[in-house]
Amino acid sequence: MDEELHERMREAIRDVPPGQVSTYGDIAAMAGAPSPRMVGAMLAEDGHDLPWHRILRANGTPAPHIAHEQLARLRAEGVLADGQKVNLKKYRWQPEN
DNA sequence: ATCTTGACATGGA
DNA sequence: ATCCATGCCAAGA
């Protein structure tokens, strides 16, 4: 597969600051990934050393299998969730420039 | 080579 | 809110 893209996705995720979040789609767009699926696919095997908990789905909910852990980590950074949904309007990270 | 499964997104019913 | 269809594409089986 494309190592270039792989690395760009990792970078984009590393750039999301604590206390803020981003989405699979946003990361994919920033890294120039052909599909948001690639972001999840990458995290599944190579995401152990990344702030994967700052990545949410487009609607603000986390991926089901890790929801509990993810919300706990976010809560520890000050990102509060309404049930399973995080308020993206409020915490979504927009790279300025 | 074909099929299935996924840390997804979007739009329609 | 929920279900479905499509687009996307890497990995395995």
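Here the structure is a predicted model, which means the values were calculated and not measured.
A:Asp46 places its CG atom 16 Å from the P atom of C:dA10, with the value rounded to the nearest Å. Distance A:Trp52 CH2 to B:dG6 P: 19 Å, rounded to the nearest Å. Taking atom CG on A:Asn59 and atom C1' on B:dA7, their separation rounds to 13 Å, with Å as the unit. Atom CE in A:Met38 sits roughly 9 Å away from atom C1' in B:dG6 (whole-Å rounding).
Residue A:Val21 is tested with A:Ile55, A:Leu88, A:Val16, A:Asn87 for a side-chain contact (heavy atoms from CB on, under 4.5 Å); the sole match is A:Leu88.
Closest heavy-atom contact between A:Leu74 and A:Arg54: CD2-CA, 4.1 Å.
Residues from residues 10-27 of chain A placing a heavy atom under 4.0 Å of any atom in DNA chain B, listed by number, are A:Tyr24, A:Gly25. For DNA chain B, the neighbouring residues in residues 65-90 of chain A, judged by any heavy atom under 4.0 Å, are A:His65, A:Ile66.
Within 4.0 Å (heavy atoms only), A:Ala44 reaches at least one base atom of the nucleic acid.
Between A:Glu4 and A:Arg8, at least one side-chain nitrogen of the basic residue sits less than 4.0 Å from a carboxylate oxygen of the acidic one, meeting the salt-bridge criterion. Ion pairing between a basic and an acidic side chain is recognised when a charged N comes within 4.0 Å of a carboxylate O; A:Arg14 and A:Glu7 show such pairing.
The nearest heavy atom of DNA chain C to A:Pro36 and to A:Ala41 marks one nucleotide each, and the one closer to the 5' end goes with A:Pro36.
Across C:dT6 and B:dA7, the matching P atoms stand 23 Å from one another, rounded to whole Å.
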